[in-house]
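A note on names: the letters A, B, ... follow the listed sequences, proteins ahead of strands, and every chain is numbered from 1.
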Number of protein chains: 2
Amino acid sequence: MNLRDLKYLLAVAELKHFGKAAGHCFVSQPTLSSQIKKLEEQLGVTLFERNNRSVELTPVGEAIVEHARLCIAQVDAMVQTAKIHQDPLAGQLRIGAIPTLSPYLLPLIYQPLKSAYPQMNPIFSDEVTQMLEMRLTNHEIDVALLATDATGKGFGEIPLFDEPFWLIHPPNHPLHTQDVITLTDLRELDMLLLSEEHCLSRQIVEVCQLDGPRRRDELRAFGLETLIQFVSNGLGCTLIPALSVHGGRMTGSGVITRQLDSGEAVRRIRLVFRPNFPRRHALEALAEVILQNLPNTVRCLA
Amino acid sequence: MNLRDLKYLLAVAELKHFGKAAGHCFVSQPTLSSQIKKLEEQLGVTLFERNNRSVELTPVGEAIVEHARLCIAQVDAMVQTAKIHQDPLAGQLRIGAIPTLSPYLLPLIYQPLKSAYPQMNPIFSDEVTQMLEMRLTNHEIDVALLATDATGKGFGEIPLFDEPFWLIHPPNHPLHTQDVITLTDLRELDMLLLSEEHCLSRQIVEVCQLDGPRRRDELRAFGLETLIQFVSNGLGCTLIPALSVHGGRMTGSGVITRQLDSGEAVRRIRLVFRPNFPRRHALEALAEVILQNLPNTVRCLA
DNA sequence: CTCTATTGATAGGTATAGGCTATCGTTTCA
DNA sequence: TGAAACGATAGCCTATACCTATCAATAGAG
């Protein structure tokens, strides 16, 4: 059975005239006649009682037409739904971000994204890298904002920007009097780190070339804001990403924020997605909005 | 768009595997692939995000599949409806009968019809010949039980039986002492007649060869039972159809019921219907039930 | 790291379904 | 009686949905 046949059926039922119904369907009258006949044969019932003067629905015909009407209505609704979503920018875009980026970046882009692409429905979530990668694979999110390379795991990526690490230390720290801080200086410090499922902690270890003994494992905090509180209380130093300096509550917290004298101490933030994700344009739009709303403490890559 | 495509869509959405879905639909995998691709092109959206290891619905796909599911469900319901009505004996059969037949015949056949064809849903109505013919033409009823020939008006008919006219007269009437009553006797009587829209009144005029002056127009009653009351009250005689003698309240009403000495004084009862009425079998079934439940006061024609 | 199995996509050929024009048979109306 | 209107039928043609064979990409085993 064919949807076209059902449309023919509805046309004849409404106009009660094969010729007019055929015109209405943009086919010839014989085509319509034969298709109605075929439909009647398939269903095993007579739908119309016809003679050369009138065409009338049989009682069964009435019932069948009612079903056909509902069916066609469903298809129309389906096409309508498709039309709304034809714009690849439209519809849900489930965005995951790592916790050391999410609270500082997403507020910057939420309003601009709404303004630029009102038809887009972004849904944000907040998890560590490994979880985001799993959710990507399971189609539970569409794109992840990560600070690590995931191309080796079969994902695609759009590099966005390099986010420098800044040093924070307590006010009375020895570094207070030092004008310029280099990477070498960092090796000497007592670095506080996030728990190891955060990519940030691994990256700090790498950047500072911290060796085993120097790591302050006993104090690994679970959130960046908690870590800052530790520093504020004089328990040590740490590196934090530039965006958290901009958006975080540094002022008044008593910690000293210091830029580093090195272009190397950065993490690269990228959009990561399944390579066959069909709405690539939505990702590019997202990337564009992110890049245009960043503070100049980070280095854009486009 | 095609219903087949929607079924393919549902299969892939459910099994998340093109090959298995193809087997489930009894087509080859390339067929399924190309049809899904075609559907995606027609709708202008990507329904599945696929790679060589997994097939997953996109958010739009989810929405579309929901519509498709409802659509297919409608079609299934439609086929089911058709199946139920495939039996030409099933479903509504709207039966009209003339008022001088209806109250005496229909009670005789109602239960037998229910027993023999429980799937049939007979709906009875009661109107004069002209109205019944109009309703037949307008598809408001499916078949009429008439006492007149309607083949000249483009209807089809199944003759059922010849129903003799019986004479009824008051107890103290001169005919009381006469053993055999012939048609000639009737011409001398003061005949009471129904109003002229009833075919019975025309037929009595014809049978008795009543001429203008003898007709008792001022007393034309509207119903047969009323007419019998007139006779009972000694206001005249009349002819009534045999079934009304059988089923009517003759006993105790004080009227005398007399058979006529003539095979001519009958009216022929037939089923009348539109010639293209599709459920001819239902009519034949009805005819059969009627014929098998008649009293022997009438002469069956089959 | 190579080999193989699995999976969806593609290519090319064929058969059927659905389309058309022309015409018929019947009925209605002038 | 002739013309017009209408649905059905016949015969032909094309688009499309189907098939088999094969490709390309990936994952997992040895």
> Can you tell me if the side-chain N/O atoms of B:Ser33 get under 4.0 Å from OP1 or OP2 in C:dG8?
no
> Would you mind reading off the distance between A:Ile36 atom CD1 and D:dT9 atom P, rounded to a whole angstrom?
14 Å
> Let me know the distance between OH of A:Tyr8 and P of C:dA17, rounded to the nearest Å.
15 Å
> Under the side-chain hydrogen bond (donor to acceptor under 3.5 Å, both in side chains) rule, collect the residues that match up with B:Gln74, sequence neighbours excluded.
A:His67
> For C:dG8, does OP1 or OP2 lie under 4.0 Å from any side-chain N or O of B:His17?
yes
> Nearest-Å distance, CD (B:Gln35) to P (C:dA9)?
13 Å
> Rounding to a whole Å, what distance do you find between B:Leu3:CG and D:dT16:P?
17 Å
> Nearest whole Å is fine: how far is C:dT7 P from B:Glu49 CD?
19 Å
> Does A:Lys20 put a side-chain nitrogen or oxygen below 4.0 Å from OP1 or OP2 of D:dC6?
no
> Side-chain contact, heavy-atom cut-off 4.5 Å: A:Leu145 with A:Leu132?
no
> Taking C-beta and beyond as the side chain, do B:Tyr117 and B:Leu286 meet within less than 4.5 Å on heavy atoms?
no
> Rounded to whole Å, how long is the line connecting atom CD of A:Glu56 with atom P of D:dG7?
12 Å
> Counting only side-chain heavy atoms from C-beta out, which of C:dG18, C:dT7, D:dG7 sits nearest to A:Asn2?
C:dG18
> Using 4.0 Å as the upper bound for N to carboxylate O, is an ion pair formed by A:Arg69 and A:Glu66?
yes
> Is B:Glu284 atom CD crowded by more than 12 heavy atoms from other residues, nucleotides or ligands, each under 6.0 Å away?
yes
> Using a distance-only test with no angle check, is there a side-chain donor-acceptor pair under 3.5 angstrom linking B:Ser33 and B:Gln29?
yes
> Could you tell me the separation between the CZ atom of B:Arg50 and the C1' atom of D:dA24, rounded to a whole number of Å?
15 Å
> Under 3.5 Å, which protein N or O atoms sit close to an N or O of nucleotides 20-22 of chain C? Give each pair with its distance.
{"from": "C:dC20", "atom 1": "OP2", "to": "A:Ser28", "atom 2": "N", "distance (Å)": "2.8"}
{"from": "C:dC20", "atom 1": "OP2", "to": "A:Ser28", "atom 2": "OG", "distance (Å)": "2.8"}
{"from": "C:dC20", "atom 1": "OP2", "to": "A:Thr31", "atom 2": "OG1", "distance (Å)": "2.6"}

> Should B:Lys37 be listed as having a side-chain N or O under 4.0 Å from OP1 or OP2 of C:dG8?
no
> How many Å lie between CZ on B:Phe18 and C1' on C:dT7, as a whole number?
10 Å
> D:dA17 phosphate, OP1 or OP2: any side-chain N/O from B:Lys38 under 4.0 angstrom?
yes
> Please work out if A:Phe48 contacts a base, only the sugar-phosphate, or nothing of the nucleic acid, heavy-atom cut-off 4.0 Å.
nothing
> Taking for each residue the nucleotide of DNA chain D bearing the nearest heavy atom, is the 5' side occupied by B:Arg4 or by B:Asn51?
B:Arg4
> Applying side-chain hydrogen bond (donor to acceptor under 3.5 Å, both in side chains), can you list everything that pairs with A:Asn276, at least two apart in sequence or on another chain?
none
